[in-house]
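In what follows, every chain begins at residue 1, and chains take the letters A, B, ... in the order their sequences are listed. As the structure is a computational prediction, the values presented were derived from the model and not from experiment.
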Amino acid sequence: NAGVTQTPKFQVLKTGQSMTLQCAQDMNHNSMYWYRQDPGMGLRLIYYSASEGTTDKGEVPNGYNVSRLNKREFSLRLESAAPSQTSVYFCASRERTGLKRTDTQYFGPGTRLTVL
Amino acid sequence: AQSVTQLDSHVSVSEGTPVLLRCNYSSSYSPSLFWYVQHPNKGLQLLLKYTSAATLVKGINGFEAEFKKSETSFHLTKPSAHMSDAAEYFCVVSEGGYSSASKIIFGSGTRLSIRP
């Protein structure tokens, strides 16, 4: 049981290049998320997928696209990278338990992206 | 609207002394509250969570937090700090249910330093 995995761990891009960040979870969770983490700003939600086949914008979606390929995988794409997208990106999946539907999220190890 | 405020961006304590990391929240509904820890260059790990059962919640590594509705607080404490506790700590509020993922809000984080 690997939990949430992300690839790559590190990436350097030039302005205007594109790339896809991959995320997979093996916990059979319905919901998956992409966050970015910047110093002093906590984590900000980029996009999320409440269930397979659905995706929705979060707080900071501009410049990104996502694909929920199947229940396990949720990818994040930067079509034309900009220096403002230099950040650490975290993928998470969400467990919902019991009648209260507690919202425990499980995080991947992160991808450190630098855009020059 | 829900929000979460971590009152200290940086806390420094001596090894063996108590730790207090402060978190205040606002929520229109009965929230779920979480503390996550992030060690340098690592992903986020769940420390503990409150889901309307006992107001005093015990987590991993000797940490605990008390939910105080009258004060809208969920402060994290540990009786005796250890060098390995040095990390960034995030307070998170979620309104649970089938609400959208945008109702999971992260605090901006508190960096905990431990002096030998």
Report task. Start with the C-alpha distance between A:Tyr48 and B:Ile104, add both sets of side-chain angles, then the distance that settles side-chain contact (heavy atoms from CB on, under 4.5 Å), and finish with yes or no. Result -> CA-CA 11 Å; A:Tyr48 69 98; B:Ile104 300 173; over 6 Å; no
Query raised in the report: Does any heavy atom of chain A fall under 4.5 Å from the side chain of B:Leu44, the backbone, both, or neither of them?
Result: both
Query - A:Gln37 versus chain B, the contacting section by heavy-atom distance below 4.5 Å - result: side chain
Query raised in the report: Cluster question for you: counting only ILVMFWY and a side-chain heavy-atom cut-off of under 4.5 Å, with indirect links fine, are B:Val37 and B:Val57 together?
Result: yes
Requested in this report: Check whether B:Leu21 and B:Leu33 end up in the same hydrophobic cluster, where Ile, Leu, Val, Met, Phe, Trp and Tyr are linked by side-chain heavy atoms less than 4.5 Å apart.
Outcome: yes
Requested in this report: Please round to the nearest 0.5 Å and tell me the distance separating atom OG of B:Ser108 and atom CZ of A:Arg44.
Outcome: 12.0 Å
Requested in this report: Indicate if A:Tyr35 and A:Leu78 have the same hydrophobic cluster label, given that clusters are the connected sets of ILVMFWY residues with side-chain heavy-atom separations under 4.5 angstrom.
Outcome: no
Query raised in the report: Applying the 4.5 Å side-chain criterion to the ILVMFWY set and letting contacts propagate, would B:Leu7 and B:Tyr89 be lumped into a single cluster?
Result: no
Report task. Consider only side-chain heavy atoms of I, L, V, M, F, W and Y, link residues closer than 4.5 Å, and tell whether A:Ile46 and A:Met32 are in one cluster. Result -> yes
Query raised in the report: Do B:Tyr36 and A:Gln105 have side chains that get closer than 4.5 Å, going by heavy atoms?
Result: yes
Query raised in the report: Tell me, side chain or backbone of B:Gln38 under 4.5 Å from chain A's heavy atoms, or both, or neither?
Result: side chain
Query - Heavy-atom proximity to chain B below 4.5 Å, by part of A:Arg112 - result: side chain
